[in-house]
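What follows is a short report on a single structure.
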Amino acid sequence: MFFHIVLERNMQLHPRYFGRNLRDNLVAKLMKDVEGTCSGRHGFVVAVTGIENVGKGLIRDGTGFVTFPVKYQCVVFRPFKGEILEAVVTMVNKMGFFAEAGPVQIFVSNHLIPDDMEFQSGDMPNYTTSDGSVKIQKDSEVRLKIIGTRVDATEIFCIGTIKDDFLGVINDPVAI
C-alpha cells in the first residue's frame, strides 16, 4: 500500500555546494540519497514530493561540512498482511516461485499454490494445471495475497498465496 508521509533527515553538504543554489543542491542530494531506499519502519521510499522545512545548518568541526535538518514529504510503499497485489514472476522452482511487485520480492510456496497445479521442470520450469489451461512461469503476471511479512532494517520480505478466490495468473506472456 502507498502512503504519503512526512520524514526528517539530517543532510551533510560539502562547502563547495554553498552559494545561491544551496537549497537546490540540498534537495538534489536528498532525492539521490533517499529515493529507492527502504526503511523497515516506513517501507520503500518511492519519491520525494516536497520539502517542508530546511533547518539551520550546523558546521562540523574539522571538516567544513554542514549538517542541515530537512523535513520532507514522500510517497512510501509498504506491503501489509492480507493485502492483494499484482506481481511479475521472476523465478520458478519445485519449492514455489518468486515474484516482484515493485521493489518488494514475494515468495509463494508450492503449498500455497492450488492443488491442481503441478510443477513441470525443463528449460522453462513452470506450474501447470492438469488440463494445461493455466501456466505460471517466468514473466507471468499473478494476483496474490500477502500472508506474511518480515521486516529487516533495510529490507522487507513477503510470503504470498494464490490459493484463494480470484487469485492466480492474470496475464500469461506466452499467450500474447
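All residue numbers refer to positions in the sequence shown, counting from 1.
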>> Checking the side chain of N93 only, and the main-chain atoms of M91 only, is there a donor and an acceptor separated by less than 3.5 Å?
In response: no
>> Nearest 0.5 Å, please: how far is CZ in R143 from CG in D164?
In response: 12.0 Å
> With a 4.5 Å heavy-atom cut-off, do K163 and D115 have their side chains touching?
Replying inline: yes
> Do you reckon V76 sits in the same ILVMFWY cluster as V151, going by side-chain contacts under 4.5 Å, direct or chained?
Replying inline: no
> Counting only N and O atoms by type, is there a donor-acceptor contact under 3.5 Å from the side chain of Y127 to the main-chain atoms of K94?
Replying inline: yes
>> So does F18 get a backbone contact from the side chain of N25, meaning a donor-acceptor N/O pair under 3.5 Å?
In response: no
> Rounded to the nearest 0.5 Å, how far apart are CZ of R9 and OG1 of T37?
Replying inline: 7.0 Å
> Do Q105 and T90 have side-chain heavy atoms sitting under 4.5 Å apart?
Replying inline: yes
> At their closest point, which heavy atom of P15 faces which heavy atom of G64, and how far apart are they?
Replying inline: CG-O, 3.2 Å
> So do F2 and V46 actually touch side chain to side chain, heavy atoms under 4.5 Å?
Replying inline: yes
>> Closer than 3.5 angstrom, by distance alone: can the side chain of Q73 be matched with the main-chain N or O of E52 as a donor-acceptor pair?
In response: no
> In Å and rounded to the nearest 0.5 Å, what is the OG1 to CE distance from T128 to M117?
Replying inline: 6.5 Å
>> How close do P69 and K56 get, counting heavy atoms only, and between which atoms?
In response: CD-O, 3.5 Å
>> Donor-acceptor pair, distance only, cut-off 3.5 Å: does the side chain of E141 make one with the backbone of E86?
In response: no
>> If you compare all heavy atoms of E83 against all heavy atoms of M1, which two are closest, and at what distance to 0.1 Å?
In response: OE2-N, 2.7 Å
> What are the two closest heavy atoms between G96 and I113, and how far apart are they?
Replying inline: CA-CD1, 4.4 Å
> Does the pair C38 and I156 meet the rule for a side-chain contact (heavy atoms from CB on, under 4.5 Å), with working shown?
Replying inline: CA-CA 8 Å; C38 175; I156 299 174; 3.9 Å; yes
>> To check you understand the geometry: which heavy-atom pair defines the closest contact between E35 and A47, and what is its length?
In response: OE2-CA, 3.6 Å
> Heavy-atom count around F65 CZ within 6.0 Å, excluding the residue itself: above 12?
Replying inline: yes
> Within a strict 4.5 Å, meaning less than it, do heavy atoms of the T149 and F80 side chains meet?
Replying inline: no
>> When you compare the side chain of V89 with that of Q137, does any pair of heavy atoms fall below 4.5 Å?
In response: no
> Is I162 reachable from M95 through a run of I, L, V, M, F, W or Y residues, each pair having side-chain heavy atoms under 4.5 Å apart?
Replying inline: yes
> What distance do I136 atom CD1 and T129 atom OG1 have between them, rounded to the nearest 0.5 Å?
Replying inline: 9.5 Å
> Would you call V92 and K135 a side-chain contact if the rule is heavy atoms closer than 4.5 Å?
Replying inline: no
>> Can you tell me how far apart CE (M11) and OH (Y72) are? Round to the nearest 0.5 Å.
In response: 8.5 Å
> Counting N and O atoms only, with roles assigned by atom type, does the side chain of R78 sit under 3.5 Å from a partner on the main chain of G40, one being a donor and the other an acceptor?
Replying inline: yes
> Would you say V104 and V45 are hydrophobically clustered, going by side-chain heavy atoms of ILVMFWY under 4.5 Å?
Replying inline: no
> Do L30 and V66 sit in the same hydrophobic cluster, where Ile, Leu, Val, Met, Phe, Trp and Tyr count as joined when their side-chain heavy atoms come under 4.5 Å apart?
Replying inline: yes
>> Could you tell me if the side chain of E100 sits less than 4.5 Å from the side chain of V88, heavy atoms only?
In response: no
> Taking it one step at a time, do V142 and F97 satisfy side-chain contact (heavy atoms from CB on, under 4.5 Å)?
Replying inline: CA-CA 11 Å; V142 293; F97 65 86; 4.1 Å; yes
> Tell me, do L112 and L144 make a side-chain contact under 4.5 Å, heavy atoms counted?
Replying inline: no
> Is atom CG of D61 surrounded by more than 12 heavy atoms (other residues, nucleotides or ligands) closer than 6.0 Å?
Replying inline: no
>> Looking at every heavy atom in both G55 and F68, which two are closest together, and how far apart are they?
In response: O-CD2, 3.6 Å
> Do other residues, nucleotides or ligands put more than 12 heavy atoms under 6.0 Å from I59 CD1?
Replying inline: no
> Is there a side-chain contact (heavy atoms from CB on, under 4.5 Å) between L7 and C74 once you walk through the steps?
Replying inline: CA-CA 7 Å; L7 294 175; C74 61; 3.6 Å; yes
>> Test side-chain contact (heavy atoms from CB on, under 4.5 Å) on L167 and I84; report intermediate values, then the result.
In response: CA-CA 9 Å; L167 302 180; I84 307 292; 4.0 Å; yes
> Hey, what do you get for CG (L22) to CG (L13), rounding to the nearest 0.5 Å?
Replying inline: 6.0 Å
> Hey, quick one: are V34 and F77 part of the same hydrophobic cluster, counting side-chain heavy atoms closer than 4.5 Å, chains of contacts allowed?
Replying inline: no
